[in-house]
**Q** 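Quick one: the structure is below, questions incoming.
For the single chain, residues carry numbers from 1 onward in sequence order.
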Amino acid sequence: MNEELVLVFDFGSQFAQLIARRVRELNVFCQIVRHDLLAERVRELNPKGIILSGGPSSVYEAGAPQCDPGIFELGIPILGICYGMQLGCVALGGQVGSAEAREYGRAALTVTDTNTLFQDVPKETTVWMSHGDQVQSVSGDFTPLAITETCPVAAVKHNNRPFFGLQFHPEVSHTPHGGVMLANFLRDVCGCQGLWKMQSFISQTVADLRARVGNKRVICGLSGGVDSAVCAAILAKAFREQVTCIYVDNGLMREGETDLVRHTFRDWFKVDLHVVDASERFLTALQGVTDPQEKRRIIGSEFIAVFKQEALSIPDAHFLAQGTLYPDVIESGGAVDGPAATIKLHHNVGGLPKELGFELIEPLRDLFKDEVRRLGLELGLPESVVWRHPFPGPGLAVRCLGEITPEKLAILRKADLIFIEELHKSGWYRKTSQAFAVLLPVQSVGVMGDGRTYESTICLRCVQTDDFMTADWSRLPEDLLSRVATSIINRVKGINRVVYDISSKPPATIEWE
């Protein structure tokens with residue numbers, strides 16, 4: 001699919017995905033693969049370059065992850081980062097040992113060779129280090145490229161093979177010229193022209209979909225979120241008349257969610273949209289349930305039953321599409337020769353493809369979240385859809401603590417809408433990653449007018465994150481929080497107290513249940 005491919009060998013680095021994102025930002029397609037991918041398989045994939053990631057191990061320890069030494073014989077340019085540099089240097093005749101002074105955090109780098117990797121990089125620059133080991137000596141086959149005060153071989157190149165090593169991390173924002181170094185490697189060493197762009201992705205994906213689907217019908221499950229919306233949009237571009245979208249209103253959606261989906265896909269894209277109002281069914285099944293896991297189980301089970309019933313009523317349906325993204329593929333062990341450990345399973349439609357006998361298609365499985373948003377804009381989706389904050393599969397059920405009732409959901413929807421509207425007005429919505437209101441099962445005494453109240457509490461949650469694996473709470477301005485709290489208490493009957501969640505993930509999760 002892509003003439004220019006770069007492979008990232010993952011040795012357990014927390015930055016492996018970030019490396020791939022940085023490469024893609026330079027318009028070169030990049031995939032993360034196992035650290036022990038065989039040289040023969042690499043030859044078949046025919047990448048323009050290879051990047052060996054960092055990792056927590058020491059190369060000289062028993063059982064430390066190793067790569068197939070045959071990759072160094074393929075003639076493919078290789079860039080080793082931190083652990084990857086140490087691994088490559090050992091494989092090619094260098095020595096690695098424990099450093100006298102470990103380096104963690106920012107370090108001053110002095111460039112001694114401004115050719116290749118360090119072209120257009122200042123001779124004195126800042127880099128981000130994270131290592132306890134370092135390359136202690138290299139043979140005459142290597143040329144050192146840069147040093148730090150405590151690391152005499154902070155960057156290196158092999159004189160006879162296309163191997164380069166960086167002891168620091170060029171992919172992180174704390175290395176201000178790291179993007180230039182990666183660009184130099186991709187352009188000058190690998191010969192990449194930067195051909196992977198969103199329009200070319202659209203053209204290739206549409207062609208692939210048409211070739212695979214033919215004249216059969218495709219069902220796409222819509223959730224109101226960005227991923228499923230973009231998935232439906234690219235399906236509509238490929239074959240509008242053959243796509244049926246199913247949207248299940250479980251009664252646990254945000255204010256205006258169903259109307260937004262209906263307007264976007266029935267009115268805007270003119271696709272065949274089935275809106276199934278199953279709210280009464282879901283709320284009946286959830287009566288009296290307070291345990292979070294039981295809520296999730298019931299919602300998942302009911303969703304499959306409702307979706308299955310609707311899907312089977314659609315004649316000639318053969319394919320089921322879902323908005324699986326690349327991080328989901330990586331984490332579930334499904335990437336091309338990707339990591340084997342299953343961290344999580346994608347939850348869009350669960351086991352429905354197998355249960356229904358449909359073939360699964362995942363047109364977004366090569367994309368990261370930010371790329372999906374760019375794709376959505378290219379396909380003509382409105383910004384109100386593309387830039388919506390994530391919404392959990394179980395909906396408001398995990399934001400309405402305790403038993404779920406229509407009355408409590410109505411309160412939560414109003415409070416949540418006020419919060420989101422104020423974030424939009426203030427310009428903070430796009431500055432944050434996810435924001436929402438939570439209805440707590442806590443009542444407290446208040447005073448309104450001359451009367452005593454005993455009413456419920458709303459908690460506001462707003463976080464900043466790049467990957468949703470970790471997150472920090474957003475430092476919203478005090479006057480904004482004050483306006484939101486005052487508006488909720490004045491406009492939402494049943495609320496007399498508003499609090500703000502200032503816990504980070506970890507130890508807390510982003511959602512409350």
Side-chain angles (χ1 to χ4, degrees), residues 5-13 15-16 19-20 23 30-99 103 113 116-118 129-147 151-171 181-182 184-186 189-190 337-340:
L5 169 66
V6 168
L7 300 178
V8 174
F9 281 49
D10 184 5
F11 292 91
S13 171
F15 299 133
I19 297 171
V23 172
C30 184
Q31 284 188 303
I32 301 171
V33 298
R34 292 183 59 93
H35 66 273
D36 55 357
L37 185 64
L38 295 178
E40 184 58 36
R41 177 59 175 147
V42 175
R43 184 183 290 108
E44 292 172 3
L45 292 171
N46 193 30
K48 300 282 283 187
I50 293 171
I51 299 177
L52 309 179
S53 83
S57 304
S58 295
V59 295
Y60 48 79
E61 288 179 347
Q66 303 289 322
C67 61
D68 182 346
I71 67 171
F72 297 103
E73 308 296 330
L74 297 175
I76 298 171
I78 297 175
L79 173 64
I81 296 175
C82 197
Y83 182 87
M85 169 187 173
Q86 296 165 14
L87 195 68
C89 286
V90 168
L92 297 174
Q95 291 185 335
V96 171
S98 179
E103 286 184 305
D113 187 329
T116 55
L117 290 191
F118 293 100
M129 291 283 194
S130 180
H131 68 99
D133 297 333
Q134 64 185 30
V135 176
Q136 296 180 332
S137 67
V138 290
S139 69
D141 291 332
F142 288 89
T143 297
L145 304 178
I147 62 173
C151 186
V153 189
V156 71
K157 71 174 181 179
H158 196 278
N159 297 329
N160 305 314
R161 300 172 188 262
F163 174 79
F164 294 79
L166 300 175
Q167 182 58 69
F168 53 89
H169 290 272
E171 70 273 23
M181 301 170 201
L182 289 173
N184 288 338
F185 174 71
L186 296 172
V189 181
C190 301
D337 300 293

**Q** Please report the shortest heavy-atom distance between Ile19 and Ser53, naming the atom on each side.
**A** CD1-CB, 4.0 Å
**Q** With a 4.5 Å heavy-atom cut-off, do Tyr83 and Ser13 have their side chains touching?
**A** no
**Q** Please name all residues satisfying side chain to side chain donor-acceptor pair (under 3.5 Å) with Asn159, sequence neighbours left out, ordered by chain then number.
**A** Thr143
**Q** Report yes if the side chains of Pro77 and Phe164 come closer than 4.5 Å at any heavy-atom pair, otherwise no.
**A** no
**Q** Do His35 and Phe9 have ring centroids that are under 6.0 Å from one another?
**A** no
**Q** Are any non-hydrogen side-chain atoms of Asn46 and Leu5 less than 4.5 angstrom apart?
**A** no
**Q** To the nearest 0.5 angstrom, please state how far the CG atom of Leu145 sits from the CE atom of Met181.
**A** 11.0 Å
**Q** Quick one: sort the Phe15 and His169 rings into parallel, tilted or perpendicular, breaks at 30° and 60°.
**A** perpendicular
**Q** Please round to the nearest 0.5 Å and tell me the distance separating atom NZ of Lys48 and atom CG of Leu186.
**A** 11.0 Å
**Q** Shortest non-hydrogen contact from Ala39 to Leu74?
**A** O-CD1, 3.8 Å
**Q** Please report the shortest heavy-atom distance between Gly80 and Phe163, naming the atom on each side.
**A** N-CE1, 4.1 Å
**Q** Quick one: are Met85 and Val153 in side-chain contact, heavy atoms under 4.5 Å?
**A** yes
**Q** So which heavy atom on Ile147 is nearest to which on Pro152, and how close?
**A** CG2-O, 3.1 Å
**Q** Working to the nearest 0.5 Å, report the span between SG of Cys67 and CG of Leu87.
**A** 4.5 Å
**Q** Do you know which of Val42, Val8, Val33 makes side-chain contact (heavy atoms from CB on, under 4.5 Å) with Ile50?
**A** Val42
**Q** Using side chain to side chain contact (heavy atoms under 4.5 Å, CB included), reason through Ile71 and Ile78 one step at a time and then give a plain yes or no.
**A** CA-CA 9 Å; Ile71 67 171; Ile78 297 175; 4.2 Å; yes
**Q** Looking at Cys30 and Val23, what are the two nearest heavy atoms and their distance?
**A** CB-CG1, 3.7 Å
**Q** Just wondering, do Asp36 and Pro65 contact through their side chains at under 4.5 Å, heavy atoms?
**A** no
**Q** In terms of relative ring orientation, are Phe168 and Phe118 parallel, tilted or perpendicular, with 30° and 60° separating the classes?
**A** tilted
**Q** Is there a side-chain contact between Leu79 and Val189 (heavy atoms, below 4.5 Å)?
**A** no
**Q** Give, for atom CD1 of Ile32 and atom CD1 of Ile51, the distance between the pair rounded to the nearest 0.5 Å.
**A** 10.5 Å
**Q** Quick one: does Leu52's side chain get under 4.5 Å of Ile81's, heavy atoms only?
**A** no
**Q** Between CZ of Phe185 and SG of Cys190, what distance do you get to the nearest 0.5 Å?
**A** 3.5 Å
**Q** Hey, are the side chains of Asp113 and Lys157 touching, using non-hydrogen atoms and a 4.5 Å cut-off?
**A** yes
**Q** Got a second to check how far Glu73's CD is from Arg43's CZ, nearest 0.5 Å?
**A** 10.5 Å
**Q** Looking only at heavy atoms, what is the nearest atom pair of Ala64 and Val59, with distance?
**A** CB-O, 4.1 Å
**Q** Of all residues at least two apart in sequence or in a different chain, which pass the side chain to side chain donor-acceptor pair (under 3.5 Å) check with Ser58?
**A** Asp133
**Q** Do side-chain atoms of Arg161 reach the backbone of Phe72 as a donor and acceptor pair under 3.5 angstrom?
**A** yes
